[in-house]
Structure formats: C-alpha cells, structure tokens
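Throughout, a chain's letter reflects where its sequence line sits, starting with A, and its residues are numbered from 1. Nothing here was measured: the structure is a model prediction, and the numbers come from that model.
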Protein chains: 2
Amino acid sequence: MKRNKKERQNLLKKTIEEMPFTTDEELAGKFSVSIQTIRLDRMELSIPELRERIKSVATHQWNETVKALPIDEIIGQVVDLELDKRAISILDIGPEHVFSRNRIARGHHLFAQANSLAVAVIDDELALTARADIKFTRQVKQGERVVAKATAAGNDRKGRTAVEVESFVGTEKVFSGVFTMFRSTDYKGESSNENSD
Amino acid sequence: MKRNKKERQNLLKKTIEEMPFTTDEELAGKFSVSIQTIRLDRMELSIPELRERIKSVATHQWNETVKALPIDEIIGQVVDLELDKRAISILDIGPEHVFSRNRIARGHHLFAQANSLAVAVIDDELALTARADIKFTRQVKQGERVVAKATAAGNDRKGRTAVEVESFVGTEKVFSGVFTMFRSTDYKGESSNENSD
DNA sequence: TCCAAATTAAGACTAGGTACTAATAGTAAT
DNA sequence: ATTACTATTAGTACCTAGTCTTAATTTGGA
C-alpha cells in the first residue's frame with residue numbers, strides 16, 4: 001500500500017490534475033498518510049490548496065465562457081426582424097473572430113452571421129441552407145462592427161427561398177451573398193435533389 | 001445611495017450573476033449595507049455562498065472545456081496537407097454543432113471546416129477568402145464524421161487561387177464549394193477590386 | 001546503532017462563510 | 001402614544017479547509 005515519497009508525490013500530482021476538487025483529507029485517505037504529509041507534498045510540488053485550485057479552474061473557464069456561448073446560439077445580435085421579409089443583425093469583431101497574425105476577421109464568422117440571419121428570417125420551424133454564393137468584398141478588422149441585412153427574395157420555387165444578405169462596416173460593403181434556403185413546409189427529410197448522392 | 005430592499009435584491013442578483021466571485025464583504029461595501037443584510041438577502045434569494053458559487057462555475061465549465069476550445073483554432077482536424085496542392089480534415093459533428101430541435105448540423109460549421117481548410121492549403125503567410133460558391137447537398141446529423149477534401153486549382157490569375165472543397169460523410173457528398181482565395185504575395189492591403197464599396 | 005530524512009502531531013491563526021439570538025430603527029395602523 | 005411589524009445591524013459560537021510554526025516520533029540506510 002505505502003509507496004515511497006517520490007512515487008506518492010508523482011501520483012498525487014496526477015491525481016490532482018485529473019481531479020482538482022479533492023481535499024487534503026480525501027487525498028490522505030487515498031494514500032494512507034496523514035493530512036500533514038499531503039500538505040508537505042503539496043508544498044514541495046507547489047500545488048495550491050483546494051480552494052485556490054477551484055478558483056483558478058472557475059476563473060479560467062469564466063473568461064472563455066463569453067467566447068464559447070455565442071458561437072452556437074447567436075452569431076451577431078438581431079436588431080430587426082420581420083419574418084419572411086427582412087432582418088438585421090450586428091456583430092462586433094473581437095479578438096476571438098480574427099487571425100492573430102493580422103487581426104483580420106476570419107471568413108467563417110462573417111458567413112456565420114449572414115447564414116444564421118438567413119435562417120432566422122425564414123418564417124418556418126425548419127430552415128436549412130441549400131446553397132450560397134458569397135463574396136467577401138473587404139477585409140474586416142478587429143474592433144469593427146458588421147451590420148448584416150437580409151432580405152427574403154420570396155420567390156419560392158420548389159419549397160426554396162432565396163435570401164439576399166449584405167454586410168456593411170459603416171457604409172462599406174464587406175460581404176454579400178445569396179442564400180438558397182430549404183424550408184420544412186413540403187419538406188420530406190434526407191436528400192432533396194441538388195447534386196446529392 | 002441606499003436603495004430599498006427589493007431594488008437592492010434585484011441588483012444583488014444581477015451583480016452576482018455577472019460577477020460570481022464577489023464576497024459578501026465586497027457586496028456589503030457596494031450596497032452600503034452590513035454583511036448580515038447581504039446574507040439575509042442571499043438567504044431570501046436562495047443564492048449560495050461564494051465558495052459554492054465558485055465551485056459550481058468550476059464544475060459546470062469543467063464539463064464544457066472540451067467544447068469551448070476547438071471552435072476558434074481548429075475547425076476540423078487536419079489529417080493530410082500538401083501545400084498548394086491538397087488538404088484533408090475531419091470534423092466530428094457533436095451536440096455543439098447542431099440545431100437542438102432536429103440535431104442537424106448548422107451550415108456555418110461545415111462552411112468553417114471547408115473555409116479554414118482552403119486557407120490552410122494556401123502556401124502563404126496571408127490567405128483570405130474573396131468569394132465562395134457553395135452547396136449543401138445533404139444534411140449532416142449529430143454523430144456523423146465529415147471529411148473535407150480541398151484541392152488547389154492552382155490557376156492564379158491576379159494573385160488569386162481557386163480551391164475546390166468537397167465534404168463527405170462516408171461516401172455521400174454533403175458539401176461542395178469553390179473558394180477563391182487572395183494571397184499576400186502581390187497583395188496591397190484594403191479593398192482589392194471585386195464589387196467593393 | 002545512530003543519523004538524517006520522512007512522517008505525524010499539536011497549537012494558533014485565517015477567510016468566508018452558517019446558524020442563531022438579540023438589539024435597534026423606522027413606519028403604519030389602531 | 002402604543003402596538004405591530006419589517007428591515008437592518010450586531011454579536012456569538014461553530015464550520016471547513018486550509019495556513020504557518022514548532023516539536024515529537026518513526027523509519028530506512030550506512
């Protein structure tokens with residue numbers, strides 16, 4: 001049961017890395033040594049106390065939270081929406097959207113803003129992008145605010161709707177595209193023509 | 001300065017939601033009341049003590065960690081790359097990529113995978129997407145693995161390179177697109193023709 | 001066997017609380 | 001004015017999971 005000091009300390013380090021929320025008491029039990037020994041070990045290994053460990057995990061992740069959240073749910077903030085007609089959203093380009101080398105916004109974020117706006121403007125339970133023809137007409141830098149405007153062209157042929165999206169920084173057009181959207185009305189699952197399988 | 005009870009409690013709730021790592025002492029200072037009042041408020045609002053709040057943030061986020069990281073850096077994992085020729089990446093569609101309603105992958109994730117692969121395949125310091133013509137040919141469901149294959153068409157006319165990207169689930173094509181890429185060689189900042197401003 | 005390292009123990013102190021009791025201030029109704 | 005009630009403040013004892021320090025014990029190796 002009783003390992004020697006070195007062995008125990010290695011294991012202790014690994015244990016705490018894997019389960020940072022373990023008290024000295026639990027660790028003492030686990031290694032069949034006294035609490036004091038665990039504390040000496042932590043001292044030697046420069047491992048902070050439980051509460052500090054928890055705090056650092058929490059604050060680390062806390063800073064990532066804002067980054068992690070909006071990616072999936074809101075790409076840009078919708079400021080105007082009239083279903084099946086038009087929608088406007090704004091997206092402030094922060095450090096999480098740019099290439100670190102040159103602070104230029106990565107294309108897929110502009111696409112994501114436009115695409116999610118195209119999805120949002122469709123007045124339907126299920127709307128999916130079938131195709132898109134897009135142009136990036138000017139680079140967007142960190143700190144700039146992108147305003148995307150979507151207008152539903154309305155001409156449904158075969159259950160599809162074309163949505164035009166144009167994005168601007170100030171008066172300059174930075175992105176434009178036409179999104180062809182499927183909609184669930186008269187939609188029957190899986191593949192749906194186009195050059196599918 | 002001194003708000004009434006209701007007002008203070010509302011503000012307290014918001015404050016703690018926004019900054020969970022605040023002690024009762026700091027809160028008491030902020031609202032110019034005693035620590036005991038803050039504690040009564042927390043009791044009434046069922047807000048746990050600081051250490052419990054930290055712990056819940058830590059454990060919550062602990063589970064999200066894996067989700068949070070890859071979004072910005074690696075959209076899909078590159079498994080093969082020969083610069084200026086071809087590249088392959090795989091992306092496993094998890095719950096973070098899909099609409100919660102129907103578990104169908106959101107378009108911008110497929111786009112992001114393809115786009116970042118197109119950027120990666122360009123043998124240059126700076127590569128940016130100028131335009132893209134894309135098709136979503138089959139929906140991708142949660143749990144499926146998307147393999148994206150990019151081939152650089154090579155025909156540089158005016159410093160641009162066309163990259164063809166096709167994405168598959170198994171043998172089925174789910175996405176295809178042509179990305180027209182700028183490259184930094186003979187690149188001179190700002191707008192670069194196309195129908196800019 | 002003896003020494004040094006390793007371990008355990010004990011005591012005083014800390015932060016950030018809980019739980020409980022009690023006192024005080026302010027307001028409204030009788 | 002007295003009572004009733006709420007809101008606030010104060011103080012005590014206790015808790016956890018530590019800290020830091022000093023001291024005593026155990027253990028392994030030459």
Side-chain angles (χ1 to χ4, degrees), chain A residues 1-70 96, chain B residues 1-69:
Chain A
M1 290 302 116
K2 287 227 176 189
R3 295 103 179 160
N4 61 26
K5 194 180 175 180
K6 209 144 222 172
E7 215 181 323
R8 185 191 58 234
Q9 290 194 342
N10 286 335
L11 221 70
L12 182 75
K13 200 174 169 181
K14 244 175 252 175
T15 306
I16 291 180
E17 267 164 24
E18 280 169 23
M19 310 203 6
F21 314 123
T22 319
T23 63
D24 286 357
E25 199 171 17
E26 289 167 340
L27 292 164
K30 177 163 189 167
F31 294 107
S32 313
V33 293
S34 69
I35 287 189
Q36 284 77 359
T37 302
I38 295 294
R39 288 178 179 165
L40 278 174
D41 285 348
R42 275 200 299 101
M43 285 267 283
E44 288 177 22
L45 298 169
S46 308
I47 297 172
E49 63 167 284
L50 169 67
R51 285 173 294 222
E52 290 306 312
R53 296 196 300 266
I54 293 177
K55 205 187 294 176
S56 88
V57 168
T59 49
H60 257 95
Q61 256 64 2
W62 188 251
N63 298 332
E64 309 278 334
T65 310
V66 188
K67 282 188 200 171
L69 272 177
E96 71 273 28
Chain B
M1 292 297 117
K2 287 228 176 187
R3 295 102 178 158
N4 62 24
K5 193 179 176 180
K6 210 143 221 170
E7 215 181 325
R8 185 190 59 235
Q9 289 193 343
N10 285 335
L11 222 69
L12 182 76
K13 200 173 171 182
K14 244 174 252 175
T15 306
I16 291 179
E17 267 164 24
E18 281 168 24
M19 310 201 9
F21 313 123
T22 318
T23 63
D24 287 358
E25 200 172 15
E26 290 167 337
L27 291 165
K30 178 165 186 164
F31 293 107
S32 314
V33 292
S34 68
I35 287 188
Q36 284 78 0
T37 302
I38 295 294
R39 288 179 180 164
L40 279 174
D41 285 349
R42 276 200 298 99
M43 285 267 281
E44 289 177 21
L45 298 169
S46 308
I47 298 172
E49 63 164 286
L50 169 67
R51 285 174 296 223
E52 290 307 313
R53 294 195 302 265
I54 293 177
K55 205 186 295 176
S56 89
V57 168
T59 50
H60 257 96
Q61 255 62 3
W62 189 251
N63 301 330
E64 308 273 334
T65 311
V66 189
K67 280 190 202 169
L69 276 176

Side chain proximity check, B:Ile38 to B:Val33, heavy atoms < 4.5 angstrom = yes
Are A:Asp41 and A:Phe31 side-chain neighbours, meaning at least one heavy-atom pair lies under 4.5 Å?
-> no
Rounded distance (Å) that lies between atom [atom2] of [N] and atom [atom1] of [X]:
X       : N      : atom1 : atom2 : value
A:Leu40 : C:dT8  : CG    : C1'   : 9 Å
B:Ile38 : D:dA10 : CD1   : P     : 13 Å
A:Ile54 : C:dG17 : CD1   : C1'   : 14 Å
A:Leu27 : C:dT8  : CG    : P     : 14 Å
B:Phe31 : D:dT8  : CZ    : P     : 12 Å
B:Glu52 : C:dG17 : CD    : P     : 10 Å
A:Asp41 : C:dA5  : CG    : P     : 16 Å
B:Phe21 : C:dG16 : CZ    : C1'   : 16 Å

Name the pairs: protein N/O against N/O of nucleotides 27-30 of chain D, kept only if under 3.5 Å.
none

With A:Gln36 via side chain to side chain donor-acceptor pair (under 3.5 Å) - residues at least two apart | none
Tell me, please, which residues at least two apart from B:Ser34 pass side chain to side chain donor-acceptor pair (under 3.5 Å).
-> B:Thr37
With sequence neighbours left out, write down each residue that passes salt bridge (charged side-chain N to carboxylate O under 4.0 Å, His left out) with [X], or none if nothing qualifies.
X       : value
B:Glu44 : B:Lys5
A:Glu52 : A:Lys55
A:Asp24 : A:Arg39, A:Arg42
A:Glu49 : A:Arg51

Phosphate contact (D:dT8 OP1 or OP2) by B:Arg8 side-chain N/O below 4.0 Å = yes
Respond yes when some side-chain nitrogen or oxygen of A:Thr37 is under 4.0 Å from OP1 or OP2 of C:dT7, and no when none is.
-> no
Counting N and O atoms only, with roles assigned by atom type, does the side chain of B:Arg53 sit under 3.5 Å from a partner on the main chain of B:Phe21, one being a donor and the other an acceptor?
-> no
How does protein reach along nucleotides 14-22 of chain D, written 5' to 3' as B (base within reach of a heavy atom under 4.0 Å), S (only sugar-phosphate), or - (no contact)?
-> --BBBB---
